[in-house]
Amino acid sequence: MATRSCWKSRHKSGTAAGPAALLALCLGLCQTAAGQHAGAAAKTVVQKDGEFDTTYNDTANSEQQTIYAFNHTVSRNKTEGVRVSVIVFSDGAENPISFVVRQKQAVVSFQVPLILRGLYQRKYAYPHVGRTLCQPPARAEMETQFFFVDVSTLSPASVQYQLRISRVESFTLQTNKKSSFTATPSQPQYFKYVFPEGVDSVVVKVNSEMTFPCSVISIQDILCPVYDLDNNVAFIGMYQTMTTTAAITVQRKDFPSNSFYVVVVVKTEDEACGGPLRFYPLQPDELIDAGNRSKALDVLVSPAIKPEVYVMGMLFCLGIFLSFYLLAFLVACLENKSTRLHRKREGLNTPDASPAETASLLGKGLTPASLCQPYDYGSFDPFFPDNGSTVSSEAVTDSMASGDAHYMERPLDHVNRGRQESLSSVEEDDYDTLADIDSDKNIVRTKKYLCVSDLARKDKRVLSKKYQIYFWNIATIAVFYALPVVQLVITYQTVVNVTGNQDICYYNFLCAHPLGALSAFNNILSNLGYVMLGLLFLLIVLQRDILHKRALMRNELSALECGIPKHFGLFYAMGTALMMEGLLSACYHVCPNYTNFQFDTSFMYMIAGLCMLKLYQKRHPDINASAYTAYACLAAVIFFSVLGVVFGKGNTVFWIVFSVIHILATLLLSIQLYYMGRWRLDSGVVRRMLYVVYTDCIRQCSGPMYIDRMVLLVMGNIVNWSLAAYGLIVRPNDFASYLLAIAICNLLLYFAFYIIMKLRSGERIKLMALVCIFFTAVVWGFALFFFFQGLSTWQKTPAESREHNRDCILLSFFDDHDIWHFLSSIAMFGSFLVLLTLDDDLDCVQRDKIYAF
C-alpha cells in the first residue's frame with residue numbers, strides 16, 4: 001500500500017524517471033516508513049500460560065505487554081462461569097492499566113483503576129475490579145475454548161497489579177434454591193438461569209438485609225457482551241433499582257434461548273434509591289473516594305402461577321359480583337309480588353284507577369297504607385310543641401308563621417288541581433324571575449320550621465329535566481376524560497415493555513401477574529366490581545324510575561303528593577360515576593406512578609360530591625345546586641388536586657393559599673345552607689353581616705333561629721377548619737388523598753346529621769335500609785383495613801416503594817389492594833343503596849308532614 005502511495009505521488013509530481021528507478025525510489029521510502037513505525041511500537045511482548053485459581057503478581061509499564069493464555073473445557077449441557085479479578089496497587093488514574101480479554105465471540109476490556117461516573121458527572125475510582133466472562137455456546141458435546149488476557153499501560157513507571165482467573169461456583173441458578181453472593185460497583189455479578197420443562201414463567205426475587213448501597217437488578221438475554229456496569233446496565237433487558245427487595249416476572253416467550261442472565265450491579269451513588277446526595281467535588285475532574293460499597297444479596301428463582309390460577313381468579317371475580325345481580329333479581333321479584341298482593345288486598349289492582357275512584361276509596365278508609373296519611377311524629381317538643389302522640393295540622397300551623405296555612409290537610413280537589421298545574425308548560429327560569437314568586441320564596445324559606453312541600457313547589461317536569469342534566473353531563477365528562485387517559489396509559493405500558501425500565505410503574509412486584517402486554521393484570525381485573533356494581537345500581541334505579549312513572553300515569557296520590565319527591569337524575573349520575581371509577585382505577589393500575597395518580601381519585605371526588613348533593617336534594621329539591629354549578633365546583637377540586645400533587649410538597653405558599661380558600665369556601669357554603677339560598681354576595685354583604693351581628697348579638701342577645709342547621713354548620717366548620725390547620729401544619733405528601741379525606745369527612749358528617757334528624761323527627765328506617773346500613777358499615781371497615789396496608793407508594797422512589805411489596809394473599813392471585821378494590825366497590829354500592837332506600841318509609845306520608853332539615 002505504501003508502494004502504491006509512493007507511485008501515485010511520483011506520478012502526480014511529473015518526475016521523468018524510468019520505471020526501474022521510480023520503483024527503487026518507492027521501495028526505499030517504504031522501508032524507511034516501516035522502520036520508523038517499528039521504532040515507535042518497540043515494546044516487549046511477554047506471553048504466559050495461565051492457570052485457573054492462581055494469583056499472578058506482576059508489573060506493567062509502557063515498554064512491556066503481557067499476554068496470559070488460558071484454556072478450559074466446556075460442555076454443551078453444563079455452563080461454568082469464569083471470573084477475572086484484578087487489583088492495581090497504585091492510585092494514579094492518569095495512566096491506568098488496560099486489561100483486554102479476548103475470547104470466542106466476545107472481547108471484554110476495562111481499565112484499572114476503573115472510573116465510574118455518578119450524578120452531575122462526579123467520578124469515582126475503583127482499584128479492585130472483578131468481571132465475569134460471558135459464555136458462548138458450545139457446538140460439540142465437549143469443547144476446549146481458549147481466551148487471552150492482554151495487560152498493557154502507557155505509564156513509564158512500573159505499576160504493580162494482581163491477576164486471578166477463577167471459576168464461578170453455582171453459576172447456573174436452580175429453581176427454588178437460594179444463591180448468596182456479594183457485589184460492588186466495580187465487581188458486578190451475574191448468573192444464568194435455564195427454564196425447566198413445563199415452566200413458562202418464573203419470578204426472580206432478590207433480597208438484601210442492607211438498605212444501602214443502592215443496586216440494580218437486570219434480566220438480560222444470553223448474549224455477549226453482558227452489560228454489567230452502572231453506566232450500561234440499562235442498555236438492554238428489564239431492570240429495577242433496589243434497596244432491600246426486588247422482583248421481576250420473566251416469561252419464557254421473551255427469551256428464544258429458554259434461558260437468561262440475572263445481573264446484579266451496585267450503583268456508585270444512592271440518590272436513585274432515595275439515599276443522601278453526595279457532596280460536590282471541588283475540582284471538575286477530582287476523583288472521589290467511593291468508600292466501602294459492598295452489598296450482600298440473595299437471589300431466588302421460583303415458578304410463577306400457572307394459567308389455571310388466572311382462570312380461577314377471573315371466575316372468582318365474576319362470581320362475586322354476579323351474585324349481587326342474582327340477589328337483586330330475587331329481591332325485585334319479592335318486592336313485586338308483595339306489591340301486587342298489597343294492591344289486590346287494598347282494591348287497587350286496576351292499573352287505570354281514576355282520581356275520583358281513588359278519592360272514594362280514601363273516603364271509605366280502604367287505603368290506609370297505599371294512600372297519603374298524616375304521619376305520626378310522636379312527642380317531639382323541639383320542633384312541634386304538642387303534648388300528644390300525634391301532631392295535628394292545627395298544632396303545626398300554630399307553631400309557625402302566618403304564611404304556613406298550607407300545612408293543613410289539603411282536599412283531593414286541591415291535589416288534582418296541583419297535578420294539572422304541574423302539567424303546564426311553565427319553565428323554571430321564568431318562574432323564578434317573577435317578583436311575586438321571589439317574594440314568596442322569602443316568606444316560605446325563612447320560616448322557622450320547613451317541610452318538604454315548602455321546598456318542592458317547582459314544576460316536576462322542569463326539575464326532572466334539571467336533574468337529568470347531572471347524568472348527561474357526567475356521561476360527557478366521562479367520555480372526554482377517559483379517552484385521553486386510556487391512550488396515555490397504553491403509552492406508559494408500551495414504554496415499560498420496550499425500554500424494560502420497571503421503575504416507571506409502582507406495582508406490587510411480588511404479586512404482579514402479567515397477561516399479554518399488561519404487567520399487573522390482577523390489579524386491573526379487581527376493578528371489575530366498580531363497573532359491574534355501578535351498572536347494577538343503574539338497573540335498580542331504572543326499575544324504580546319506571547315504577548314511579550307508571551304510578552304517575554295511574555294518578556296515584558302516593559306518587560303525586562306523598563314521600564320524598566322522586567328525581568332519579570342524581571342516582572343515574574352516581575351509578576355512572578361508580579362505573580367510571582372502576583375504568584379509571586383500572587387505567588391507573590396499568591402503570592401506577594406519580595404522574596397519573598389523579599386518574600384514580602378524580603371520580604372519587606365526584607362520587608362524594610354527588611352523594612352530598614343527593615342527601616341535600618331529598619329534602620330541598622327546589623334549591624339544590626344545578627349540574628353546571630356542581631360540576632364546576634368539582635372541577636375546581638380536581639384542579640387543586642393536580643396543583644397539590646405537582647406543587648404541594650413542601651410549598652408553604654401553596655398550603656397557605658389552599659387553606660384560606662378552603663376556609664372561605666366553607667363559610668360561604670355555610671351561609672348558603674343556613675339561609676336556604678336567600679342571600680346575595682354583592683357589595684352590601686359586609687354591611688348586612690354587620691347589621692345582623694349588631695341586632696342579634698349586641699342590641700339583643702338572641703339565639704339562632706334555625707338551631708338544627710346551626711348545629712350542623714358549626715360542626716362542619718370545626719371539622720373543616722381542623723382539616724385546614726392539619727394540612728397547613730403537617731403538609732402531607734399525598735395531597736390527593738388529603739383532599740379526598742376532606743370530602744369523605746364532610747359526607748360522613750352530613751350523613752350522620754341526616755340520620756339523627758330523621759330519627760329525631762319521629763321517622764323510622766325500614767328493614768331494607770337498616771340491612772344496607774349495617775352491611776355497608778361492616779364492609780367499609782374491612783375495606784379500609786386493606787387499603788391502609790400500603791403495598792406501594794409513589795411518594796417515594798421506586799426502590800423504596802418495593803420495600804412495601806407483599807406476596808399474594810387470595811387464591812395466589814390477588815393482593816391486599818385487590819381485596820380493597822373488591823370491598824370498596826361493594827361498600828360504595830351499598831352506600832348508594834342506603835341513599836336510595838333511606839326514605840322509603842315516607843312513601844305514604846304527605847309532603848307537608850315531612851320535616852325538611
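In what follows, every heavy atom counts, from backbone to side chain, and hydrogens, waters and symmetry copies are set aside.
Taking the six-membered ring where tryptophan is involved, the planes of Tyr588 and Phe597 are perpendicular, since the angle between them exceeds 60° and thus also 30°. Ring geometry, Phe99 versus Tyr161: the interplanar angle exceeds 60°, so the pair is classed perpendicular (tilted spans 30 to 60°). Relative orientation of the Phe735 and Trp655 rings is perpendicular, given thresholds of 30° and 60° on the angle between their planes.
For Ser85 and Arg164, the side-chain atoms include no donor-acceptor pair closer than 3.5 Å. Side chains of Thr652 and Arg731: a donor-acceptor N/O pair is present below 3.5 angstrom, by distance only. There is a side-chain donor-acceptor pair under 3.5 Å between Thr132 and Arg83. In the model, Asn292 has no side-chain atom that pairs as donor or acceptor with a side-chain atom of Ser294 under 3.5 Å. Under the 3.5 Å distance criterion, with hydrogens and angles disregarded, no donor-acceptor pair is assigned to the side chains of Tyr261 and Ser218.
Residues Asn501 and Tyr239 meet the side-chain proximity criterion, which asks for heavy atoms closer than 4.5 Å.
In summary, of the residues considered (Ser155, Pro156, Ser152, Ser158), a side chain to side chain contact (heavy atoms under 4.5 Å, CB included) with Asn61 occurs for Ser158 alone. Partner of Glu803 under the side chain to side chain donor-acceptor pair (under 3.5 Å) criterion, out of Thr797, Thr245, Thr243: Thr243 alone. Of the candidates Tyr507, Tyr506, Tyr594, Trp794 forms a ring-ring contact (aromatic ring centres under 6.0 Å, His included) with just one, namely Tyr594.
Remark: aromatic rings of Phe260 and Phe195 are close, center separation under 6.0 Å.
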